[in-house]
Structure formats: C-alpha cells, structure tokens
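Chain letters run A, B, ... following the sequence lines, proteins first and then strands; every chain starts at 1. The analysis underlying the following values was restricted to heavy atoms, covering all of them including side chains, and did not include hydrogens, waters or symmetry mates.
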2 protein chains.
Amino acid sequence: MKSMGKTDSLHGHVTNLTTAIENFHVKRLAMSHPPRNCPPDAVAWPRTVEQVSLLAATCYSRGVPVIPFGTGTGLEGGVTAVQGGVCVNLTKMDQISELNPEDFTVAVEAGVTRKALNKYLRESGLWFPVDPGADASLCGMVATAASGTNAVRYGTMRQNVLNLQVILPDGRVLHTAGQSRRPRKSAAGYNLTGLFVGSEGTLGFITQATLRLHGIPEATVAAICAFPNIQAAVDSTVQVLQAGLPIARIEFLDEVMMGACNRYSGLSYAELPTLFLEFHGTQQSVEEQVGATEAIVQSNGGSDFAWAWEPEAHAQLWAARHNAWYAALALRPGKKGYSTDVCVPLSRLPEVLLETKKDLLNSNLTGPLVGHVGDGNFHCLLILDPEDAEEKERVADFAKRLGRRALAVGGTCTGEHGIGLGKRQLLREEVGEVALSTMRQIKMALDPKNLMNPGKVL
Amino acid sequence: MKSMGKTDSLHGHVTNLTTAIENFHVKRLAMSHPPRNCPPDAVAWPRTVEQVSLLAATCYSRGVPVIPFGTGTGLEGGVTAVQGGVCVNLTKMDQISELNPEDFTVAVEAGVTRKALNKYLRESGLWFPVDPGADASLCGMVATAASGTNAVRYGTMRQNVLNLQVILPDGRVLHTAGQSRRPRKSAAGYNLTGLFVGSEGTLGFITQATLRLHGIPEATVAAICAFPNIQAAVDSTVQVLQAGLPIARIEFLDEVMMGACNRYSGLSYAELPTLFLEFHGTQQSVEEQVGATEAIVQSNGGSDFAWAWEPEAHAQLWAARHNAWYAALALRPGKKGYSTDVCVPLSRLPEVLLETKKDLLNSNLTGPLVGHVGDGNFHCLLILDPEDAEEKERVADFAKRLGRRALAVGGTCTGEHGIGLGKRQLLREEVGEVALSTMRQIKMALDPKNLMNPGKVL
C-alpha cells in the first residue's frame with residue numbers, strides 16, 4: 001500500500017492502520033451480522049492537515065468509512081463507528097494561530113479546546129464565549145453547532161464562526177470562505193461555512209476554524225432567585241428580553257435539580273424553580289441591568305436575589321449550576337446519566353416543562369430539568385440503570401415523547417446536542433420529507449460514497 | 001397547455017404567460033445570438049404559494065428559466081434575465097402572519113418590505129432592525145444576505161432568519177427548518193435556512209420568511225463627529241468595539257461624501273472623515289455609552305460631538321447619511337450611479353480606504369466612500385456617464401481593483417451587495433476552485449437543470 005508510505009508519522013501504529021484500511025472489506029464481508037455500535041477498525045492521530053488529507057483520500061479510494069473525533073464529549077452518539085472504519089482523532093492538531101485582537105478573530109486547529117483558547121486569550125482582553133459545559137474541542141463544537149449558557153447574549157457557534165478549513169471526503173482541502181479570509185460579514189456565494197456548522201462530521205473533517213472573539217466585560221455579576229412556579233420564572237425571562245436587557249446568562253433549574261445541587265454541593269438554596277443570572281458590562285451598566293431585572297423578578301413573585309459581585313462568590317454560585325450533571329448523577333449513585341435536549345418558542349416553554357415533569361412522574365423516571373431558558377432550550381438529565389433493559393426502554397420512549405412534545409409547539413427536537421444516531425426519526429418528523437431529501441441531496445453531492453461518519457444525522 | 005389552466009388567476013395576461021412558456025425554446029432557437037441583459041420573455045405576479053409552485057413546476061418540466069423578483073433594489077444585476085424566461089414578481093404576496101411578540105418572531109410573505117413590517121410592528125414594541133437603505137422586500141433581503149447600518153449590533157439577515165418557505169425549482173415546497181417551526185436556535189440536521197440566505201434566487205423561490213424581532217429600545221441618541229484622518233476614525237471604532245460598547249450604528253463618510261451631503265442637504269458639517277453614531281438602550285445606558293464613546297473619540301483627536309437627542313434632530317442628522325446616494329448623484333447632475341462594496345478586517349480598513357482614494361484620483365473617477373465601519377464594510381458610490389464607454393470601462397476596472405484590494409488583506413469582494421452577475425470572477429478568486437466546485441455541486445444537486453436564475457453567482 002504505497003500511498004500510505006508518507007503516513008509513517010501519522011501515529012505509532014502505521015502498520016496497524018494500513019492493515020486495517022487494506023483489510024476493511026475482507027473483515028466486513030466475513031461478518032454475517034456486523035455489530036451495531038462496534039468500535040472502529042483503527043484509530044489515527046494525525047498531526048497535520050496534509051496527513052488528514054492523505055488519510056481521507058486513501059480511505060476514499062478504498063471505500064473505508066472515516067469518523068472525525070474531537071474530545072468525545074458529544075451526547076448523541078455522533079462518533080460511534082456504526083460501520084467500522086477509521087476513527088480520526090484530531091486532538092493532536094492543537095495549534096492556535098492568527099490572533100488578531102483588533103479584528104476580534106483567531107484561528108484554531110481541530111483539537112484546541114475552548115478552555116485552552118480562553119487561557120491563551122487571557123492577556124489579550126478578549127474571550128470566546130460559547131460554553132457547552134464540557135471542555136470540548138472548538139472544531140467539534142463547530143461540527144455539532146454547540147451553544148450553551150452564554151448563547152442568549154453571544155449567540156451559538158452559528159454566529160461565531162467566520163471561516164473553516166475542511167478536508168472533504170476525497171481529501172481535497174476546502175476553505176469555506178476562501179483561504180485566510182476573515183471579514184466580519186460576507187455576501188459572497190453560498191454560505192458553506194454555515195453548512196458545515198452542525199454537519200456532525202458527515203460532510204468533511206473540520207481541521208481549522210476562524211472564530212469571532214468578544215471583549216472581556218469590565219464587570220460581571222451573578223445572581224440567583226427562586227420562583228413560586230415555572231410560569232413566573234419564564235415570564236420574568238420574557239420580560240427581561242423584551243426590555244432589551246443584554247443579559248449574558250439566564251439559566252433555569254427546576255426544584256428537583258435544585259434539591260440535587262443542594263445535596264451534592266452542600267448548599268441550602270430554596271428547592272423551587274430557580275433562575276441563575278449573569279450580567280456583563282461596565283460597572284454602571286451591570287448595576288442598571290441588575291436593578292431592572294430585580295424589578296421584573298419581584299413583579300413576578302420571585303425571591304430576593306442572592307448576589308455574587310466578587311469573583312470567588314461568583315465561582316461558588318455558578319459551581320452549583322456547573323455541577324448539575326454530577327449532582328443529578330448523585331441522585332442515584334452507581335447509575336448512568338443520559339442528557340437529552342429540546343428547544344421551543346419561549347411562550348410555549350412553561351407548558352412543555354410542566355407536561356415533561358408530569359411525564360417523568362408517570363414514567364417513574366428520575367430526570368432533573370435544567371435549561372438555557374433565554375433561548376427556550378432545556379435539558380432533561382435522565383438517570384438510569386444501564387443493566388435494566390426495561391428502564392432503558394422507558395427512558396428511550398420518554399425521550400421520544402419529549403422530542404415530539406417540542407415539535408408539537410413549533411420547536412425542535414434538539415437545540416444544541418444534535419441528531420447523531422438517536423434522533424434521526426425525530427429529525428424526519430421535524431423537517432419533513434422535502435427538507436430531508438434536500439439534506440440527502442447535499443450529502444450525496446459532497447460525499448457520494450457515504451463514507452464520512454456514515455449512519456449519522458440522515 | 002392544460003396544466004396552466006389552474007393559473008388563470010396568476011395575473012391578467014395568463015395567455016401571454018402560457019404562450020411565452022410554450023414558445024420559449026422556439027424563440028430562443030430562432031435567435032442566433034441571444035442578447036445579454038435581455039428582458040424576460042414574460043412576467044408573472046403570483047398571489048399564493050400554490051401559484052408559485054405550479055409556475056415553477058411548469059417551467060421546470062418545459063426547461064424554461066425562472067427569475068424571482070422582489071423590489072428590484074439589488075445592486076449586482078441579480079434579477080437580469082440573461083437567458084430570458086419568466087420573471088416571477090413576488091410583490092403581490094404581501095401578508096404578514098404569525099406575530100408572536102413573546103417569542104420575538106413574525107412570518108412575512110415574499111413581498112413584504114422592511115418598512116411595511118416595521119409599520120405593522122409599531123404597536124407591539126418590537127422591530128426588525130436590518131436596514132440596507134432601500135425599502136427592500138424582506139425575502140429579497142434574505143436572498144441577498146442583506147445587512148446595512150444596524151448590523152454591527154443586530155447582525156445581518158444571516159443572524160435574523162429562523163425559517164424559510166422555499167419553492168424548489170421543480171415546484172416542491174420546502175420548509176428549511178420544518179413547517180411552522182420557530183425555535184430561537186436548533187441543532188437539527190443541515191442548516192438549510194443558512195444555505196438559502198444569500199443564495200440570490202439560484203436555489204429556489206423564497207416565499208415566506210420567519211424572522212427574529214428585537215425590542216424597540218427605550219432611548220435612542222445619534223451623534224456625529226469629525227476626525228483629522230481616516231486612521232483616527234477607524235481607531236476610534238476599534239476601541240469602541242473593544243470596550244464592548246453595544247453601539248447600534250457606526251457609519252463612516254469620507255470628506256468627499258461629507259462635502260456632497262453638505263451641498264445636497266444644505267448642511268455645514270466639517271468636510272473631514274466623519275463618523276455617524278447611534279446608541280440604543282435605556283436612558284441611563286445610552287448616556288453611559290455616549291460618555292465612554294466621547295472619551296475614546298477625543299483621545300483619537302476627534303471633534304466634539306454634534307448631538308441629536310430628540311426625534312426631529314435625530315431624523316435631520318441621519319437624513320444626511322440616508323441621502324448619501326442622492327447627494328453623490330448630485331455631484332454630477334444627469335449622470336448615473338454605481339455602488340460597489342467590499343468588507344475587510346477592521347485593522348486593514350484604513351490602508352484599504354487610503355489606497356482606494358488614491359486609485360479614484362489616479363483613475364479620474366468621482367466616488368465618495370461611505371461605510372458600515374463597525375463591520376469593516378464600505379461602499380464606493382461611483383458616478384459615471386453611461387453614454388461614455390471609456391468611463392464605464394474605467395469604473396469596471398476600478399471596481400475589480402477594489403475587490404482585489406479587499407481580497408489581498410483577507411477580506412471579501414462583497415460584504416452585502418452579493419455576487420449577482422458582476423462579481424463572479426472575483427468570487428472565484430475569493431473562495432478558490434475547491435469552494436467554487438463545492439458550491440456548484442450544491443447548485444447541481446438542488447437545481448439540476450440550471451433553471452433558477454441562471455448565470456448568477458457561480
């Protein structure tokens with residue numbers, strides 16, 4: 001296999017990789033029933049874009065599936081090797097380049113994580129705000145259209161990517177907005193950048209992203225407040241947004257989640273529907289935002305604010321929210337978690353939350369609710385026993401009903417986790433046959449052999 | 001032609017339309033050299049989405065080109081019928097529906113203009129901020145990825161469209177995010193909405209758009225100030241953005257443009273590089289933004305601000321900016337205007353502006369410069385004698401050089417006007433062969449007969 005000669009530096013096991021690619025079809029043919037969720041046939045750790053390109057071209061010419069892999073923090077099975085093939089771990093491509101503070105732009109390779117970038121940026125006075133919770137790789141966040149707690153103010157990945165370097169399935173190098181281009185906006189041709197954001201590794205390898213940065217705010221203050229019911233918390237959110245208050249974070253936790261956080265972190269917050277809020281701006285503007293928000297909250301029967309003006313208090317307050325996943329897991333020690341998300345128009349959020357809580361009760365499932373309420377997006381953190389087949393089925397049925405509940409009110413079955421493996425049927429119901437066939441036409445045009453992360457999304 | 005029987009209500013001249021479609025190939029065959037920029041063979045004014053669908057299907061089955069038409073305010077020849085066919089004027093589809101104030105969303109049919117929408121919204125406390133100057137149709141603005149003066153704060157059309165109803169070339173009805181869906185964000189499948197924003201009528205007819213609305217700010221104040229040179233104006237802009245000041249508009253006019261505005265509107269502003277600014281927020285936040293901006297401007301040698309706190313003064317001040325096009329035309333009465341735009345990283349803007357001014361001088365051309373400086377985007381309003389072939393060529397050469405100057409510093413040949421007919425060669429230079437062929441594959445997948453607005457973009 002001569003063409004792989006150049007890939008000696010791909011990783012330490014080039015012989016194994018070469019053998020795996022060469023023997024892929026022989027091995028597959030020998031399996032009468034290839035296992036679903038089987039591991040890949042090989043893993044490669046390229047260090048350069050040329051290596052990714054060569055690897056893609058080699059696999060393409062031999063008909064071997066390839067699966068891009070970042071930090072593996074995705075939640076919808078997007079990196080599962082359902083048809084085997086080569087898993088391409090991109091974490092060794094970790095260079096940050098082309099920081100242009102005056103232009104608020106930076107370029108990062110596939111393996112750079114959001115925390116690594118923000119550490120790198122610290123001295124520049126800039127930051128990258130999209131925060132899905134996990135310390136995910138930024139190009140993985142591009143692939144899944146990640147968002148998170150700051151999206152209500154700073155947007156999701158969709159609003160914060162200016163250009164992408166992509167290795168197409170046949171190994172060609174695509175610059176979605178043209179090589180080295182980084183204007184803040186463009187009307188030049190089809191929006192290829194936007195097409196690759198959220199493509200979940202099914203159209204190409206995202207090997208570099210040019211991102212939009214933001215100024216670190218002069219002042220940051222956090223607060224939490226409790227509400228007598230969900231409606232009051234959501235009404236407050238709508239009124240804050242309607243008043244044009246540039247709130248940076250507005251997170252909802254239901255009373256089950258608050259109870260779990262109290263127990264996990266040794267806190268004593270009221271176990272009621274609660275909002276975690278964060279304000280960014282100048283000292284004066286933050287104070288004004290806080291005053292206006294307090295008035296809105298009180299008019300809706302919310303509690304007094306618990307404040308965090310200092311960094312330490314701020315970190316402590318948000319720790320409860322950041323540890324929500326572990327707090328939920330601690331509700332049933334030794335069990336596993338499954339997080340699913342939906343996003344609905346704000347006005348429909350209270351009814352969807354209430355029906356979901358009723359469904360949890362009826363289904364006898366443990367699932368605290370936590371959400372980016374400013375976007376109408378929430379998660380249900382389901383805790384289950386993976387050994388209990390009946391419970392697993394109950395969880396799967398519940399998650400489908402939750403997705404359909406969101407669809408019934410004009411929402412989406414996923415605001416930020418993506419489709420991956422598990423939500424393909426829901427996607428079909430969400431967008432309809434014409435949109436699905438349009439997506440398939442695009443997939444077919446860009447990946448005619450269906451080798452890029454096959455079996456996902458569509 | 002039975003299938004057109006149902007289209008009797010399409011417009012008053014259905015017989016002419018039917019004849020035009022039937023005779024299209026006969027007529028074209030008879031032309032040995034079909035004229036470039038020729039008019040369409042027929043114009044249709046559908047009133048319903050079903051009529052657009054039927055018309056598309058009929059033209060598709062007969063191989064007749066179709067050209068979507070909104071208000072015709074585009075600047076790059078996007079509606080020219082280069083291959084003849086049927087021009088589909090969508091202005092009679094002018095219904096506004098599904099206003100959901102709590103969710104900040106509204107749906108508009110193809111012919112609704114931005115001014116009509118904002119008039120409709122007035123009582124709701126909401127508005128749609130994207131403002132390209134002309135009172136364009138909103139779906140036309142989707143098609144061209146329009147932006148304008150407010151984009152620095154509120155984003156372009158790319159950030160403000162949630163869903164689209166599109167008639168595909170063969171007449172099928174596509175809902176890019178699924179029928180009636182309007183979550184603020186989604187990670188469900190490929191971003192078809194984003195693909196159609198900026199597709200310039202080459203992938204389908206945009207017949208309805210679901211838009212994101214914003215709260216009307218409590219207070220608005222405008223100001224202008226002059227600078228000793230371009231660098232000082234741009235430095236001030238960068239510092240305002242870096243300070244995180246949420247400025248709503250920051251517009252640059254060069255000294256030629258200021259002179260033209262003074263003469264046209266009877267004003268007496270200093271004929272120097274000038275910034276027009278606008279601040280939105282609460283009274284207190286606006287005052288704070290103003291104070292901080294004033295300090296930045298003064299540290300860069302800018303003049304004192306001329307203020308407009310009251311609506312009348314505000315309108316008067318902005319009239320100068322809004323009338324820039326007519327003021328430029330008045331520089332050479334009886335001549336025509338051609339406006340071209342580029343967008344570059346902010347840090348490269350001063351050199352690009354200075355080189356462009358030098359080029360104008362060397363080329364003996366009249367072309368005031370005016371721009372959305374917060375986005376690094378500017379226009380050159382070239383005034384020329386359309387009867388003077390040599391001058392037309394000089395303008396065309398100058399515009400190409402301007403585009404290439406933007407490309408040379410990592411910018412784009414168009415920040416908001418689009419590619420249309422005139423910038424296809426520049427698009428190729430901007431994105432490169434791999435991106436261009438990817439765009440062509442998408443076009444081929446969605447419009448295999450190349451009947452949707454043929455000859456544009458690619």
Within this structure, what is the CG-CG distance for the pair Leu195(B) and Leu164(B), rounded to the nearest 0.5 Å? 10.0 Å
Checking heavy atoms, do the side chain of Pro246(A), its backbone, both or neither come under 4.5 Å from chain B? neither
With a 4.5 angstrom heavy-atom cut-off, could you sort out which part of Thr156(A) is near chain B: side chain, backbone, both or neither? side chain
Do Glu430(A) and Lys423(A) sit within salt-bridge range, that is, some charged N less than 4.0 Å from a carboxylate O? no
Nearest heavy-atom neighbours spanning Met452(B) and Asp447(B): N-OD2, 2.9 Å
Side chain, backbone, both or neither: which part of Ala177(B) has a non-hydrogen atom closer than 4.5 Å to chain A? backbone
Of the backbone (N, CA, C, O) and the side chain (C-beta and beyond), which part of Leu426(A) lies under 4.5 Å from a heavy atom of chain B, both, or neither? neither
Side chain to side chain donor-acceptor pair (under 3.5 Å) partners for His379(B), two or more places apart: His372(B), Glu416(B), His417(B)
Checking ring-ring contact (aromatic ring centres under 6.0 Å, His included) for the pair Tyr154(B)/Trp127(B): CA distance, chi angles, key distance, verdict? CA-CA 11 Å; Tyr154(B) 298 96; Trp127(B) 71 311; 5.3 Å; yes
Name the region of Glu429(A), side chain, backbone, both or neither, that has any atom closer than 4.5 Å to a heavy atom of chain B. backbone
Under a 4.5 Å heavy-atom cut-off, does chain A meet the side chain of Leu241(B), its backbone, both or neither? both
Is it the backbone or the side chain of Pro217(A) that comes under 4.5 Å from a heavy atom of chain B, or both, or neither? neither
Quick check on the interface: out of Gly194(B), Gly281(B), Ser199(B), Ala188(B), who has the most heavy-atom pairs with chain A under 4.5 Å? Ala188(B)
Taking side chain to side chain donor-acceptor pair (under 3.5 Å) as the definition, give me every residue that meets it alongside His175(A), ordered by chain and number, with sequence neighbours left out. none
Check whether Asp375(A) gets within reach of chain B through its side chain, its backbone, both or neither, counting any heavy atom under 4.5 Å. both
Under 4.5 Å to a heavy atom of chain B? For Leu427(A) that would be side chain
Side chain / backbone / both / neither for Val173(B) at chain A, heavy atoms under 4.5 Å: backbone
Name the region of Phe104(A), side chain, backbone, both or neither, that has any atom closer than 4.5 Å to a heavy atom of chain B. side chain
With only heavy atoms counted, which part of Thr193(A) is less than 4.5 Å from chain B, the side chain, the backbone, both or neither? neither
Interface moiety of Val238(A) toward chain B, non-hydrogen atoms closer than 4.5 Å: both
